[in-house]
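Worksheet for the structure shown next.
Indexing begins at 1, ligand by ligand and atom by atom, following the structure's order.
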Amino acid sequence: MKISARSTPNIALIKYWGNRNDGLRLPAADSLSMTLDSPCISATVEASDHFSVQSFDERGTENPQNEKSIARLKKHWELTRNYLDTINRIDGMPDAVSIVIRSEIPPAIGIASSAAVFSCLSEAHAGFVSLTREEISILARLGSGSAARSVFGGFVTLENTGGTDIGSAHARQVAPETHWQLHDVIIVPSREQKKVGSTEGHAMASTSPLFKERITQIPRRMQECTDAITKKDFEKLQHVSEEDSLDMHHVMEKQNPPLKYLSEETRRIIREIEALRKSDHLEVLYTMDAGPTVHLICTDEALKAINDFADVQKGCIVFRAKVGGGSTLV
Ligand code: PMV
């Protein structure tokens, strides 16, 4: 039996940074994101006598995964089986699978390709057994914490549920994709692969003297962000999400070793957007994940001005997305 699925990245408005259990990717705090409708990853999974992975890039050319990413995909498969065993759903699951991944996302440029890959694979794996959306989000989390959120469309939290076992953090939808039509104009200043990925970064988060304080602020920010989304209050969303993104980067910069993901280009784009939104009264906010890429989230009314701004950024690649529906079987 062959099972195919597709998925997309999400952009965090309240960021996930640091784990309480690195091996199981149980986050230290809750997070909240908007699922995007593009770019897309698709995957086909088939029972096989041994685990294998093949992947193709946006042009359809085979793009062999390096050893590290094959090991991560294999670990995800093993954790998937462990989790299904703990919830008594292992029957019907093959012992090994061959995986074919097709990606439209240039890797490691800060638009969450791992979130799309692991949510997509989890959606496909769940096709062998029958799981709830929350259970699929747990499978996705085992490959990449933020991937849990791409299992749902619209506005989505990744929440800790109290326990310490493998299933004790899952995603939940706050509002569907039809609730608020926001756009994400993604400006990528550099296609250079980042040196330190988020898996290694999470593991060192607690070495930052700012980490504890960040964790104490998250429940308030989650509440403000949820309220802003529910009431479609853009100004409130802007304040809390920019506060949280900048705070995460401060924490990262003080980690040991320090992680400096933002570049001079990132800071210039932020300054220009702050000036533009003030002069033209635009509903736009900026947020950055683990890379120099700037996500400009804006309303329908602001979209033209933000697209015009993005189009004149020299040497940058621009992606355009809007709120999307999350992973699905195809
Ligand atoms: O899911 P991971 O392990 O790649 O971590 C994602 C971390 C951030 O992108 C920086 C924040 C987030 O919540 O997506």
Find all atoms of ligand 1 within a distance of less than 4.0 Å from any non-hydrogen atom belonging to Ala12, and give their numbers and elements.
-> 12 (C), 13 (O), 14 (O)

Can you list the steps and then say if Phe309 with Val284 is a side chain to side chain contact (heavy atoms under 4.5 Å, CB included)?
-> CA-CA 12 Å; Phe309 173 85; Val284 59; over 6 Å; no

Which atoms from ligand 1 have a heavy atom of Lys15 less than 4.0 Å away?
-> 13 (O)

If you measure from each heavy atom of Ser31 to ligand 1, is any distance below 4.0 Å?
-> no

Between Ser198 and ligand 1, which residue portion shows a heavy-atom distance shorter than 4.0 Å: side chain, backbone, both, or neither?
-> side chain

Evaluating non-hydrogen atoms only, which member of Ser113, Ala290, Ser150, Gly143 is closest to atom 10 (C) of ligand 1?
-> Ala290

Check the pair Gln255, Ser208 against side chain to side chain donor-acceptor pair (under 3.5 Å), reporting the backbone distance first and the verdict last.
-> CA-CA 4 Å; Gln255 282 184 208; Ser208 173; over 6 Å; no

N/O separation below 3.5 Å, Trp17 to ligand 1 | no

Stepwise, does the side chain to side chain donor-acceptor pair (under 3.5 Å) test hold for Gln238 with Tyr286?
-> CA-CA 8 Å; Gln238 177 207 314; Tyr286 55 81; over 6 Å; no

Using distance alone, determine whether Ser144 and ligand 1 share an N or O pair under 3.5 Å.
-> yes

Classify the side-chain pair Arg214/Gln217 by whether it contains a donor and acceptor separated by less than 3.5 Å.
-> no

With atoms numbered from 1 as shown, which atoms in ligand 1 lie under 4.0 angstrom from a non-hydrogen atom of Met248?
-> 10 (C)

With sequence neighbours left out, what residues match Ser206 under side-chain contact (heavy atoms from CB on, under 4.5 Å)?
-> Phe211

Decide side chain to side chain donor-acceptor pair (under 3.5 Å) for Asn66 and Ser69; before the verdict, give the C-alpha distance in whole Å, the side-chain angles of both, and the deciding distance to 0.1 Å.
-> CA-CA 6 Å; Asn66 61 31; Ser69 50; 3.0 Å; yes

Touching ligand 1 at all, Gly145? Heavy atoms, strictly under 4.0 Å?
-> yes

Assign the ring pair Trp180 / Phe155 to parallel, tilted or perpendicular, where the plane angle (0 to 90°) is split at 30° and 60°.
-> tilted

So, Gln54 and Arg102: side-chain donor and acceptor under 3.5 Å apart, yes or no?
-> no

Which of the atoms of ligand 1 are close to Ser114, meaning less than 4.0 Å from one of its heavy atoms?
-> 4 (O)

For ligand 1, which atoms sit closer than 4.0 Å to a heavy atom of Asp289?
-> 9 (O), 11 (C)

In short, salt bridge (Lys or Arg N to Asp or Glu O under 4.0 Å) pairs touching residues 159-186 with sequence neighbours left out are Glu159-Arg172

Tell me which part of Arg149 gets within contact of ligand 1: side chain, backbone, both or neither, using heavy atoms under 4.0 Å.
-> side chain

Tyr16, any N or O under 3.5 Å of ligand 1 N or O = yes

